[in-house]
Protein chains: 2
Amino acid sequence: MSSENSETRRRILQATTDLLQEGHGADVRMSDIARRAGITRQAVYLHFANRAELLIAMTFHVDEIKRSNDRLAPSRAARTGTERLDAYVEAWAAYIPEIYPFAKPLMLMGPTDEAARGAWARRMQDMREGCEAAIQALERDRMLSAEHTVDAATDLLWTMMQVENWEHLTQACGWSQAKYVENLKHMARRLFVVDGSVRSAREA
Amino acid sequence: MSSENSETRRRILQATTDLLQEGHGADVRMSDIARRAGITRQAVYLHFANRAELLIAMTFHVDEIKRSNDRLAPSRAARTGTERLDAYVEAWAAYIPEIYPFAKPLMLMGPTDEAARGAWARRMQDMREGCEAAIQALERDRMLSAEHTVDAATDLLWTMMQVENWEHLTQACGWSQAKYVENLKHMARRLFVVDGSVRSAREA
DNA sequence: CCTTCACTTGACACAGTGTCAATTGACATG
DNA sequence: CATGTCAATTGACACTGTGTCAAGTGAAGG
């Protein structure tokens, strides 16, 4: 396995993201990637120990391109807890469809690959922290619904925002992205904000 | 493939459910099943065309044992819409952990096997009908929150009750079954019942 | 006795991942 | 120019699990 910055290594990562971006499915094979990168299948293993490691590295590669960290930051600027909750839900919800094609292979590997499962779990754990921060901001403002502890509310919000739910609503239910975002925001407010104050319920 | 009622066929199905029940993991192999049934791996294919078909048949076998249809029925007896919603959520929530070991292999095959995906989708579609009936009962009582159409409310309830969310809450979040049920019921009421009338928020 | 039928035995094909040894070709350095 | 290094190639093979096939066995039953 060569050093972190190798031209070929970058080519492999780029080939992987390109294939996923183009919708060739989350079951991209090592040989597909190699061909796209213009090298041999075996040569891929000179740079990545196995498929899981390659896919994990690919997600970091995507992070850089998408400036992922900057995406969730704006919610931190929110003044009130309610604003923060809204902003966070909105930011994450808007982020899902962008990263979905790249996240999916990792999700798919989870059941069989320990490393892949761990990598995905870590990302989701990070996302949980955003949920917790939003809930804590509500609590600080005394706006957290009395029915939930911070922990329980965080777990519920975290669960609602799972990629699988986005998948289900947009695919099985055929919802538009806008409808998804609107409803998620609405649910979060209704469930976690004291008194369930909800501005309006637009149809999306 | 021999006729539907063959002693061996039953033995294979029983072997499969036994293995899953005992927690040998949702990745049971054809050879594991064959050994457990006391026959050859190849002989399994005398009764089932492939792994997907076997697993699908296994779920029907489990349906019979668990009298699945009877489980969701009680909610139909509910007088008010609110009672029906409660009853349905509770019945399904209680049902999940029982069927989970048998459902999981099918869920796992979904991404790669058309037939498995279809079989699972059909089951979930049935479950959706229960959701819709509950929401419609609310609507009839003029108790459906004005924020949602029947369709949207059904989709949301349906999504909330997905097995993946139960998995996430009980596994990733470490929730007890009781806590899961309590919170799901609470959410459903809060989200869909006009005025969000909620009795109490016990900690489970 | 002979057939039928379920099952066994032993073999093989196929995909996809991962590994290995020998080789090539470029580039760099003495 | 000779030599060594290093990335990549070539061709092969192992492994796992699914699914298939042909020939053989053994018991039940007309």
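Naming: A, B, ... by sequence-line order, numbering from 1 per chain. Everything numeric here is computed off the predicted structure, so don't read it as measured data.
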>> From the set dT9(D), dT20(D), dT17(C), return the single nucleotide nearest to any side-chain atom of Arg51(A).
In response: dT17(C)
>> Side-chain N or O of His47(B) versus OP1/OP2 of dC7(C): is the shortest distance under 4.0 Å?
In response: yes
>> For dG16(C), does the base pair up with any side-chain atom of Arg41(A) as donor and acceptor (N or O, under 3.5 Å, distance only)?
In response: no
> Tell me: CZ of Arg35(A) to C1' of dT9(D), nearest whole Å?
Replying inline: 16 Å
>> If we count only N and O atoms by modelled type, under 3.5 Å, do the side chains of Glu132(B) and Trp158(B) hold a donor and an acceptor together?
In response: no
>> Nearest whole Å is fine: how far is dG16(C) P from Met109(A) CE?
In response: 14 Å
> Which nucleotide in the set dA8(D), dT8(C), dT17(C) lies at the smallest distance from any side-chain heavy atom of Met30(A)?
Replying inline: dT17(C)
> CG of Asp27(A) versus P of dT17(C): gap in Å, rounded?
Replying inline: 9 Å
> Roughly, in whole Å, what's the span from CD in Gln42(A) to P in dC13(D)?
Replying inline: 14 Å
>> Looking at Lys66(A) and Asp63(A), is any side-chain nitrogen of the basic one under 4.0 Å from a carboxylate oxygen of the acidic one?
In response: no
>> Please pick, from dA8(D), dG18(C), dG11(D), the nucleotide with the shortest atom-to-atom distance to any side-chain atom of Asn50(A).
In response: dG18(C)
> Given atom CZ of Arg9(A) and atom C1' of dA8(D), what is their separation to the nearest angstrom?
Replying inline: 17 Å
> What's the closest nucleotide to the Tyr45(B) side chain, out of dC7(C), dG18(C), dT20(D)?
Replying inline: dT20(D)
>> Tell me whether the side-chain N/O atoms of Thr40(A) come closer than 4.0 Å to OP1 or OP2 in dA8(D).
In response: no
> Could you give the CZ-to-P distance, from Arg29(A) to dG18(C), as a whole number of Å?
Replying inline: 14 Å
> Is any side-chain heavy atom of Val62(A) closer than 4.5 Å to a side-chain heavy atom of Leu20(A)?
Replying inline: no
> Have Glu147(A) and Ser145(A) got a donor and an acceptor in their side chains that come within less than 3.5 Å?
Replying inline: yes
